[in-house]
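Report on the structure given below.
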Amino acid sequence: MKNLWQKFDRSFLRGQKLSKVLVVMITIWLFQATSLVGLSLNTSWRLEELGMAINEAGSLRKRVFYMVLVTKTPGAEQQFVHEQRQFEAILGHLRQLHEAGFVNGWRHRQLRAQVGKVEAQLQDFLNDREAYLQGRLGDAAFLAQAQKFTAVIDQLVLLIEQDNTHNIQLLRWLQALLLVMAVVSAIVSLVLLHHLVIVPLLRLNQGISQIGKGYFDTRLQLGTANEFGQVADGFNLMAAKLYEVYDTLENRVAEQTQAVVKRNRELAVLYAMTSLFQEQHDLSVLVQVFMHKMKAFSGADACVVQLRNRHSHMLEVAGSDGLTEEQVDRFRDYRCDGGHCAQLLQSGQAVMHQQLVIHAANDGCCQMRQALPFCLTFAVKSVEDEIGMLHLFAQVPFTLSEENQRLISTVCSQFGIAIESMRLNELDKQMAILEERNLMAQGLHDSIAQSLSFMNMQVQVLEKALSEQKEQQAAQTLDFIHEGIQQCYDDVRELLSNFRVRLVSEGLISSLQGVMKRFEQQTDIAVDWLVEGDVYEVESDVQLQVVFIVQEALSNVRKHAQADTVRVRLVYMADRLNLWIEDNGVGFAENTLVLKEQQGHVGIHIMKERAGKINGQLRIFARAECGACVELMVPRQYIHTQE
């Protein structure tokens, strides 16, 4: 059966697409079914027409006897004429029957001939009626002629009935053929559905089940070129790919595992070096750890790190690992400004299996080449600036994959950035020290230096008074010197107290409370302290500058205000931080502050400078009633609040 179906597929279907085969077969079936149904309808219509003709032809006999009866009835001439006209009309209709209504043309011709006989017999019947009415023909003879007339009509009816019988038989055959066609169509549809759809689907399902069980060598052989054949080819291709993948799965898993292990090793090195660079180390420690990691990762026998001197721009040995002191000294003396290493430093690329290029004019590294002839060099960069080199030495040729070379280059770049960061941190520390020294110098100049200058002048006045023996003036001058010394002593204590200030962990309020407590202890001046608003913490730098401004303001109160009460008010607002330091002292004139700034008064300059560092605004003004006020405003966006 399978071979038979394959022969049918090759001979009849010819490997056509399933959709095309179905369309063609449905079209053929529809044409045949439509044809049979049309023939059946045509036959039924002919039967209807012939049935009406039989009824009309049969009615002719009745009309003959009716005309005989009317003839014998006196005064019924009008009825006879009517029946005659009806008779002739029926004959005319029978003569006009179409030939297509008959099974064959021969019977139709017989019908027309018989109609002619009936017409001729009608004429004879009319003649006999005239003779009967004139008395030339008796009743028996007239009835005999009428019976002869009906016999001719019976022949006409018989012809129509015979053709009708044949049409009935044809209709039955067509109905039987339709039934057979329906049965055959159902059987053929089931067979085609089974072989074209169900069997391929079952085989595909079986193949999928086999693949699901792990039998990747399963193949489908449908032997057709239709859509299911294409699906089978795709299934076979998929199964072959799966078999290939499954067959090499262990090798691929091993390769991927090795790649993952290698990648993890690289990431571990990168993570370790990143963590190292983020920590604060001394430069020598950082270089030693970096060389140890790079030597272990690359498999080199020794390594050397050279860094450029920031002043001379010469390469200097920052550290070595795996070399003797003698080799390091020789390497330190070696300068290859135009040689191989200098080119690597400019390009930042690594070269595998490359020996050091030793020129005749620069053969100080010959001993190095003899001991460790193979070298791999990487540039140490900081962003875009090349600040040094990493040399990896080996006694035998060694290689690094492109991934490892890129990793070492990345680590070298991070190493360079870390070195530059350390150098910048050192510069920041130096700048901070210089800045604080400048502030200390300004504080000393504004307090102790002025006091010492005043005492120097008083000493000169004292010497002059003693030389002129002006005892009263000398005593008065000596009192001034004592007051100046006490003032200088107080200034020194205040400066020492200010230099020792530390920001406590509780925040700005606690720091200010400590400053005000020291001020009260030094001056015996009461401080009215008030905090308003919802308290929030501020950045440590902002906190430090605010504390120094308060210290300087309180120092000015002690020196110049002659006050007995100081009020400090700190207000936490939604958009800014406000601070007021007010006293009830003597105050100052409107132009006094302008003159002091023009004269270079250090205290006022320091406070404004500190306010500018935190993007704040400082205002110093005399109060309307008495005393002075220092107002500081810092916008919220520069405070960096931590809710």
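Surrounding CG of N205 are more than 12 heavy atoms belonging to other residues, nucleotides or ligands, all under 6.0 Å away. A 6.0 Å sphere centred on CD of E532 holds more than 12 heavy atoms belonging to other residues, nucleotides or ligands.
Expressed to the nearest 0.5 Å, how far CG of L508 lies from CD of Q513 amounts to 10.0 Å. Interatomic distance, CE of M573 versus CG of D534, reported as 12.0 Å (0.5 Å rounding). Put simply, SG on C303 and CZ on F290 are 8.0 Å apart, with the number rounded to the nearest 0.5 Å. Taken to the nearest 0.5 Å, the CZ atom of F415 stands 13.5 Å off from the CD1 atom of I408. For the atom pair M291 CE and L323 CG, the distance stands at 9.0 Å (nearest 0.5 Å). Summarising the geometry, atom CZ belonging to R203 is positioned 11.5 Å from atom CG belonging to L201; distances are rounded to the nearest 0.5 Å.
Proximity of a side-chain donor or acceptor of T410 to a complementary backbone N or O of R406 within less than 3.5 Å is detected. When atom types are taken as modelled, the side chain of R636 and the backbone of A574 share a donor-acceptor pair closer than 3.5 angstrom.
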Report task. Decide yes or no on side-chain contact (heavy atoms from CB on, under 4.5 Å) for R576 and V634, but give the supporting numbers first. Result -> CA-CA 6 Å; R576 64 184 183 273; V634 183; over 6 Å; no
Report task. Test side-chain contact (heavy atoms from CB on, under 4.5 Å) on I614 and V546 and set out the steps. Result -> CA-CA 9 Å; I614 56 177; V546 171; 4.1 Å; yes
Requested in this report: Please step through side-chain contact (heavy atoms from CB on, under 4.5 Å) for the pair V305 and V317, ending with a clear verdict.
Outcome: CA-CA 6 Å; V305 171; V317 176; over 6 Å; no
Query raised in the report: Hey, mind stepping through V547 and V515 against side-chain contact (heavy atoms from CB on, under 4.5 Å) and telling me if it holds?
Result: CA-CA 8 Å; V547 170; V515 172; 3.6 Å; yes
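When every heavy atom of A611 is checked against every heavy atom of I549, the shortest pair comes out as N-CD1, 3.8 Å. Considering all non-hydrogen atoms of both residues, S511 and Q543 come closest at OG-NE2, 3.0 Å. When all heavy atoms are compared, the tightest approach of W580 to C629 is CD1-SG, 3.8 Å. The shortest heavy-atom contact between Q405 and F378 is O-CE2, 3.7 Å. The two atoms that bring N615 and P635 nearest to each other are O-CD, 3.3 Å, heavy atoms only. Scanning both residues, V411 and M294, for their nearest heavy atoms gives CG1-CE, 3.8 Å.
Of the listed residues (N578, L579, L570), just one forms a side-chain contact (heavy atoms from CB on, under 4.5 Å) with L632, and that residue is L579.
At least one side-chain heavy atom of M607 sits under 4.5 Å from a side-chain heavy atom of N556. Contact check for V535 versus I509: side-chain heavy atoms found under the 4.5 Å cut-off. Residues V566 and L554 meet the side-chain proximity criterion, which asks for heavy atoms closer than 4.5 Å. Two residues are said to be in side-chain contact when any heavy atoms from C-beta on lie closer than 4.5 Å; L618 and V630 meet this criterion. Contact check for F519 versus V550: no side-chain heavy atoms found under the 4.5 Å cut-off.
In summary, K295 and D321 engage in a salt bridge, as defined by a charged side-chain N under 4.0 Å from a carboxylate O.
Using cut-offs of 30° and 60° on the angle between ring planes, the pair Y536 and Y572 is perpendicular.
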